[in-house]
Amino acid sequence: MDSILVKGNGPLNGQIPIAGAKNACLTLMPATLLTDAPLTLTNAPRLSDIKTMNTLLSSLGSEVAMLQDGQVLVLGTKTISNHVADYDIVRKMRASILVLGPMLAREGQAVVSLPGGCAIGARPVDLHLHGLEALGAKLDLRDGYVHATASGGLKGATFEFPFVSVGATENLLMAATLAKGTTVLKNAAREPEIVDLAQCLRAMGAQIEGEGTPTITIQGVDSLHGATHSIVPDRIELGTYMLAPAIAGGDVELLGGRISLLEAFCEKLHEAGIDVTETKNGLRVCRKNGRVNAVNVRTEPYPGFPTDLQAQMMALLCTANGTSVLEETIFENRFMHAPELIRMGADIDVHGGHATVKGVAKLKGAPVMATDLRASVSLILAGLAAEGETIVSRVYHLDRGYERVEEKLSACGAMIERIATV
Ligand code: EPZ
């Protein structure tokens with residue numbers, strides 16, 4: 001398992017290109033199951049999760065070509081030759097559940113392993129299942145698998161989510177495109193990745209209105225055709241790298257970034273004393289010396305502050321001037337980066353869904369362990385500003401969601417390198 005060595009090396013200066021969104025790509029790829037025509041995705045991120053989704057779709061009968069060093073994906077599913085999404089693949093990546101809706105919509109049958117929990121929480125899929133039942137699916141849970149059937153096809157219906165779920169909205173949105181009649185999804189997720197999926201499905205011939213609002217209306221069609229779609233920039237990668245000059249100081253331009261993807265996050269950065277300006281190529285973040293202001297953060301579904309940036313923001317606030325309180329409202333166990341930051345000298349008190357962070361003047365480098373994707377990158381950010389060396393182990397977590405992090409940061413002057421360990 002590789003580790004990453006980071007040495008605090010002062011302010012960062014330069015440019016960082018932002019890749020296509022992992023969480024958009026992971027829902028766009030299963031859309032190939034909805035049609036027998038080719039689906040081309042450009043601006044795809046080069047990540048291990050994308051390779052895992054490729055493996056899963058290929059096991060179902062899809063053909064996936066990864067062109068231009070993995071930045072262009074051409075997916076074709078002339079026939080679905082296997083209707084079982086196997087536990088061995090699904091357990092590696094929870095987004096695998098997103099093959100359930102499209103496969104059921106096209107074939108009237110699907111068998112998908114329950115994904116199980118992960119480090120940040122139990123992460124059930126009951127909303128996915130209840131929503132598909134509302135569309136007429138018959139579901140039988142046995143042996144750790146969902147056995148789903150929809151004889152005669154899915155039927156349009158109105159379904160109100162009891163609380164916002166990104167994945168359940170995506171699964172139902174895809175399923176509804178081929179359901180007979182009209183589907184109305186209420187209290188739907190509004191994330192930019194949902195909007196991106198809807199735009200791609202529309203390009204494939206789907207009839208969808210209201211994406212990005214709490215109510216999405218879908219008129220089912222008999223079939224979908226192919227399309228070419230450019231994946232939206234990754235707002236979580238964007239926010240993560242905006243925090244690099246915020247924590248270490250300096251002046252960095254994030255190529256492809258847009259404030260519209262991260263308004264709540266940019267407001268918090270402004271409150272902390274970090275100004276973000278739009279350039280013709282993206283976003284510019286610069287911070288001269290001095291400590292940032294402490295701010296309070298509460299994670300919420302989009303357009304609120306993203307839970308996927310909570311760990312990274314905590315790293316910044318560990319060195320702020322004053323005390324900050326972070327409230328995590330989306331996942332029940334998403335403060336596992338706190339004990340690792342404490343090893344670096346941070347002053348953090350976690351109680352339930354709240355973490356109180358008393359800023360310290362300087363963190364100290366230390367050996368730390370990545371526990372999940374976003375926790376791993378928050379430790380790297382902390383290492384950029386710490387005195388001495390930080391070694392982050394178990395960086396396979398990192399490779400799931402950040403392409404070539406050490407290249408992107410060292411291009412801006414960071415002292416960071418990957419240490420291959422047997
Ligand atoms: C997506 O996960 C993202 N993953 C997550 O990003 C992100 O943190 C999350 O949305 C929230 O924005 C992908 O898009 C692949 P949810 P998802 O359904 O769809 C509960 C990252 O770091 N829930 O919106 O699984 C759930 O347990 C990852 O890139 C149910 O109870 O999130 C959670 O507490 C981490 N039943 C809350 O709802 C369900 O059926 C929100 O989950 C579904 C969800």
Side-chain angles (χ1 to χ4, degrees), residues 21 23-35 94-108 110 112 115 123-139 146 148-150 152-224 227 229 232 235 261 300-304 306-307 329-330:
N23 290 349
C25 195
L26 289 175
T27 189
L28 288 162
M29 292 175 75
T32 182
L33 299 169
L34 291 166
T35 176
R94 304 189 67 268
S96 305
I97 192 71
L98 295 172
V99 303
L100 177 59
M103 187 154 46
L104 188 56
R106 178 168 168 196
E107 299 283 291
V112 178
R123 302 189 71 185
V125 291
D126 51 324
L127 298 191
H128 299 241
L129 306 183
H130 295 161
L132 290 170
E133 284 178 321
L135 297 184
K138 295 282 176 281
L139 305 181
V146 181
T149 55
L154 294 172
K155 293 171 187 60
T158 293
F159 180 76
E160 180 155 6
F161 292 96
F163 50 83
V164 171
S165 163
V166 172
T169 300
E170 291 163 344
N171 235 334
L172 292 182
L173 175 55
M174 288 190 281
T177 60
L178 296 179
K180 291 180 181 57
T182 303
T183 297
V184 180
L185 302 180
K186 294 186 170 182
N187 198 23
R190 301 163 58 189
E191 273 69 5
E193 293 75 37
I194 305 273
V195 172
D196 206 45
L197 173 62
Q199 289 170 348
C200 179
L201 292 169
R202 193 177 290 120
M204 295 166 69
Q207 293 182 21
I208 300 168
E209 285 177 4
E211 71 275 8
T213 77
T215 303
I216 305 177
T217 303
I218 307 104
Q219 302 292 346
V221 295
D222 293 338
S223 65
L224 295 181
H229 177 79
V232 67
R235 63 194 167 98
L261 292 168
E300 293 172 326
Y302 191 88
T307 176
T329 69
I330 307 292

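Computed from a prediction, not measured in an experiment: that's the story for all the values here.
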**Message:** Any non-hydrogen side-chain atom of His229 less than 4.5 Å from a side-chain atom of Asp196?
**Reply:** yes
**Item:** Those residues that, when tested against Glu133, pass salt bridge (Lys or Arg N to Asp or Glu O under 4.0 Å) (two or more places apart)
**Value:** none
**side-chain contact (heavy atoms from CB on, under 4.5 Å) between Arg190 and Val164, intermediate numbers included** = CA-CA 9 Å; Arg190 301 163 58 189; Val164 171; over 6 Å; no
**Prompt:** About how many Å separate CG of Asp222 and CG of Leu178, when rounded to the nearest 0.5 Å?
**Reply:** 8.5 Å
**Request:** Compare every heavy atom of Cys25 with every heavy atom of Pro30, then report the nearest pair and how far apart it is.
**Result:** CD-O, 4.4 Å
**Item:** Nearest-0.5 Å distance, CD of residue Gln199 to CD1 of residue Ile194
**Value:** 12.0 Å
**Message:** Is the shortest side-chain heavy-atom distance between Val125 and Pro115 below 4.5 Å?
**Reply:** yes
**Message:** Working note: Met29 + Leu98, criterion side-chain contact (heavy atoms from CB on, under 4.5 Å); need CA distance, chi angles, decisive distance, verdict.
**Reply:** CA-CA 9 Å; Met29 292 175 75; Leu98 295 172; over 6 Å; no
**Item:** Ile208 vs Leu173, side-chain contact (heavy atoms from CB on, under 4.5 Å): CA-CA, chis, key distance, verdict
**Value:** CA-CA 9 Å; Ile208 300 168; Leu173 175 55; 3.8 Å; yes
**Prompt:** Could you give the distance from CD (Glu170) to CG (Leu185), rounded to the nearest 0.5 Å?
**Reply:** 11.5 Å
**Item:** Heavy-atom closest contact (Ala189 atom, Thr169 atom, distance)
**Value:** N-OG1, 3.1 Å
**Request:** Can you see which heavy atom on Leu139 is nearest to which on Ala148, and at what distance?
**Result:** CD2-CB, 3.3 Å
**Prompt:** Distance from Glu211 atom CD to Thr217 atom OG1, nearest 0.5 Å?
**Reply:** 10.0 Å
**Prompt:** Any side-chain heavy atom of Ile218 within less than 4.5 Å of one from Leu172?
**Reply:** no
**Item:** Pairwise side-chain contact, Asn171 with Pro102, heavy-atom cut-off 4.5 Å (strictly under)
**Value:** yes
Quiz: residues 152-162 side-chain donor-acceptor pairs under 3.5 angstrom, not counting sequence neighbours:
unit_1, atom_1, unit_2, atom_2, d
Lys155, NZ, Gly153, O, 3.3

**Item:** Heavy-atom pair with the smallest gap, counting every atom of Gly167 and His128
**Value:** C-CE1, 3.3 Å
**Complete:** Smallest heavy-atom separation, Val232 atom then Ala24 atom, equals CG1-CB, 3.9 Å
**Fill in**
Rounded to the nearest 0.5 angstrom, the CE-OG1 distance for Met204 and Thr177 is 7.5 Å
**Request:** With the side chain counted from C-beta on, respond yes when Val166 and Tyr302 share a heavy-atom pair under 4.5 Å apart, and no when they do not.
**Result:** no
**Request:** Give the minimum heavy-atom separation between Thr182 and Gln219, together with the two atoms involved.
**Result:** OG1-OE1, 2.6 Å
**Request:** Flag the pair Leu26 / Glu193 as yes when at least one side-chain heavy-atom distance between them is below 4.5 Å, and no otherwise.
**Result:** no
